[in-house]
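Heads up: the structure comes next, in structure tokens.
Residue numbers start from 1 in every chain, and the chains themselves are labelled A, B, ... in the order their sequence lines are given, proteins ahead of strands.
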Amino acid sequence: MTITRFAPSPTGYLHIGGLRTALYSYLWAKKNGGKFLLRIEDTDLKRNSIEATKAIENAFEWVGLKHDEKIVYQSQRFDIYKKYIQQLLDEDKAYYCYMSKEELDKLRESQMAKKQRPRYDNRYRDFSGTIPKDIKPVIRIKTPIGKTIEFDDGIKGKISVKVDDVMDDFIIARSDMSPTYNFVVAIDDALMGITDVIRGDDHLSNTPKQIVVYNALGFKLPNFYHVPMILNPSGKKLSKRDGAMDVMEYKNMGYMPEALLNFLVRLGWSYGDQEIFSMDEMLSLFDPHDINKSASAYNSEKLQWLNAHYIKNAPTKRIIKDLEFFELKIIDHDQKELLVDALKSRAKTLKEFALMAKSILFDPTEYDQKAIKKFLNEDSLQILQNFTKFLKSLNKTPHLPIEFEEIVKEFLQKNELKMKQLAQPLRIAMVGSAVSPSVYDVMSIIKLENIIKRVEKLLMEHQ
RNA sequence: GGCCCGUUCGUCUAGCGGUUAGGACUCCGGCCUCUCACGCCGGCAACAGGGGUUCGAGUCCCCUACGGGUCACCA
């Protein structure tokens, strides 16, 4: 069975880079009928937050990624880590190091001065001298000096590093005996039965260290996949300054989770020329081996295009529900279908959608001055005047767009006018600007009495 | 600086020794049209540079340049 995991440290919100690796992990597990687990990496007791964990869960819920089983908290597993530390000590695969932090700093400084790579000099490995008093020791693992560590990354291919180049006998337990990251990650991944580790590129250099731990403990290695980073539009590392890092921010901006997921899955991965992927398609087509080797820049225009696509194709009921988040309730409106259909191909975000809907539903509070200047003059005001008279004289009440179209045509014919001469002035009267869906649709949505009311209001203010 | 990774249109990418180097977003034309969108049609635009290997290289190898990651008693 394929078991993957997402293992964030609870330092803040879930950002889009994290969501992408989570998505990849989720897809790969689910595609293979496996499990996707969530683990919170909170070994650093100093900074830790429940809110951050909650934020991650909320974001997962919004996009619809469900993790299997209970969330694993590393802070609750210290007993387990302690056991393995003791095991390594007993087997002489780890040892106490009595070098103080100050000493270590000094060593590092002198190495830097000599342009050497700062590293611990293994002075307490196989130490037989007298042990310094008054020093709370740390525990270090014995790394396989002189060896080469090789592994086959599912994305990058063969990776091979010399142990002496990339690590010293690194610390697995701090002087307060709390375990460190590279140690616990290996243990947890092994114990949780993780078969495929999909994570950010920035962890690539941690992997050899974790392999050392796996080997020391006799655990079987998982498959590793190191996903290249997401860059900002100018090709630099994505940071908070780029804005919209928090996944939930996308909800506020009116993006649909499907669009975000589709955007993210295509950022660094592709399947031929296909751009649109439903969750089912992602599930059947995704394979981490096809992920690109190079970093990709975040490009919000594509996301916007995808969002527009998903809005266009979403069921009306769904849109109506989503619009409530933007304080628009149209569930009881008798022309809600027409309204939503008219706007579906026009709005790029749900936020924009709500704004457009409101501009139709509610009487205009102000008019676009450019539009006024361009389309309102003596002639057009006269036409509007005549049009309201005509509307009032009707002996039946039109409802459907087609019915409004008929009466408009009748009016135009009687007065020997072209649609162009009526459409824009009427549009301005109804919604306050020169842009809106078809006037017939708008008329049908706001109804006869409101058309007359809005036209008369405009006439009054411009006479 | 050491180590590791990367480099195809502005951006996301297809390509897996022989292609007029394809698609998508953006942008620019055109059609449709009551405006704006949508849709449809068309256009601009790329193999980082240099050496090899080969009959033939975007594809394989080496070097250079550039970009990124990482070098903690953080995760």
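A/D169 pairs with exactly one of A/R140, A/R123, A/R125 by the side-chain hydrogen bond (donor to acceptor under 3.5 Å, both in side chains) rule, that one being A/R125. A/W269 pairs in a side chain to side chain contact (heavy atoms under 4.5 Å, CB included) with only one of the listed residues (A/I155, A/V227, A/L285, A/L264), which is A/L285.
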Check nucleotides 30-34 of chain B for protein N or O atoms closer than 3.5 Å to its own N or O atoms and list the pairs.
| from | atom 1 | to | atom 2 | distance (Å) |
| --- | --- | --- | --- | --- |
| B/rC34 | O2' | A/R427 | NH2 | 3.4 |
| B/rC34 | O2 | A/R427 | NH2 | 2.4 |
| B/rC34 | N3 | A/V439 | N | 3.4 |
| B/rC34 | N4 | A/S438 | OG | 2.6 |

Give me the distances for all protein-to-nucleotides 39-46 of chain B N/O pairs that come in under 3.5 Å?
| from | atom 1 | to | atom 2 | distance (Å) |
| --- | --- | --- | --- | --- |
| B/rG39 | OP1 | A/K312 | NZ | 3.2 |

Is there any protein nitrogen or oxygen under 3.5 Å from a nitrogen or oxygen in nucleotides 19-22 of chain B, and what are the pairs?
| from | atom 1 | to | atom 2 | distance (Å) |
| --- | --- | --- | --- | --- |
| B/rG22 | N2 | A/D273 | OD1 | 3.0 |

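Note on A/D188 versus A/R77: salt bridge recorded, some NZ/NE/NH1/NH2 to OD/OE distance being below 4.0 Å. Between A/R39 and A/D189 there is a salt bridge, since a side-chain N of the basic residue sits under 4.0 Å from a carboxylate O of the acidic one.
Nucleotides B/rC12 and B/rG50 place their C1' atoms 29 Å apart, quoted to the nearest Å. Remark: the separation of the C1' atoms in B/rA14 and B/rC47 is 13 Å, to the nearest Å. With P as the reference atom, B/rA75 and B/rG17 are 45 Å apart, rounded to whole Å. Between B/rG6 and B/rU13, the distance separating the two C1' atoms is 16 Å to the nearest Å. To the nearest whole angstrom, the two C1' atoms, one in B/rA48 and one in B/rC9, are 14 Å apart.
Contacts of A/S270 with the nucleic acid, taken as non-hydrogen atoms under 4.0 Å apart, involve only primed sugar atoms and P, OP1 or OP2. Counting any heavy atom pair closer than 4.0 Å across all strands shown, A/A434 reaches a base atom. Heavy atoms of A/M99 sit under 4.0 angstrom from at least one base atom. Note on A/L303: nothing from the nucleic acid sits closer than 4.0 angstrom, heavy atoms only. At the heavy-atom level, A/E275 lies under 4.0 Å from base atoms of the strands shown. Counting any heavy atom pair closer than 4.0 Å across all strands shown, A/G200 reaches no nucleic acid atom.
Near RNA chain B, meaning a heavy atom under 4.0 Å away, the residues from residues 344-357 of chain A are A/S345, A/R346.
Residue A/S296 has a polar side-chain atom (N or O) positioned under 4.0 Å from OP1 or OP2 of B/rU13. Within the 4.0 Å cut-off from OP1 or OP2 of B/rU13, not a single side-chain nitrogen or oxygen of A/N299 is found.
The aromatic ring centres of A/F411 and A/F387 sit less than 6.0 Å apart.
For A/V435, the side-chain atoms get nearest to B/rU35 when compared with the rest of B/rA75, B/rU7, B/rU35.
Screening residues 428-442 of chain A for side chain to side chain donor-acceptor pair (under 3.5 Å) gives A/R427-A/S436 as the qualifying pairs, with residues at least two apart or on separate chains.
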Using a cut-off of 4.0 Å between protein heavy atoms and nucleotide atoms, how would you tag nucleotides 57-72 of chain B 5' to 3' with B, S and -? ----------SSSSS-

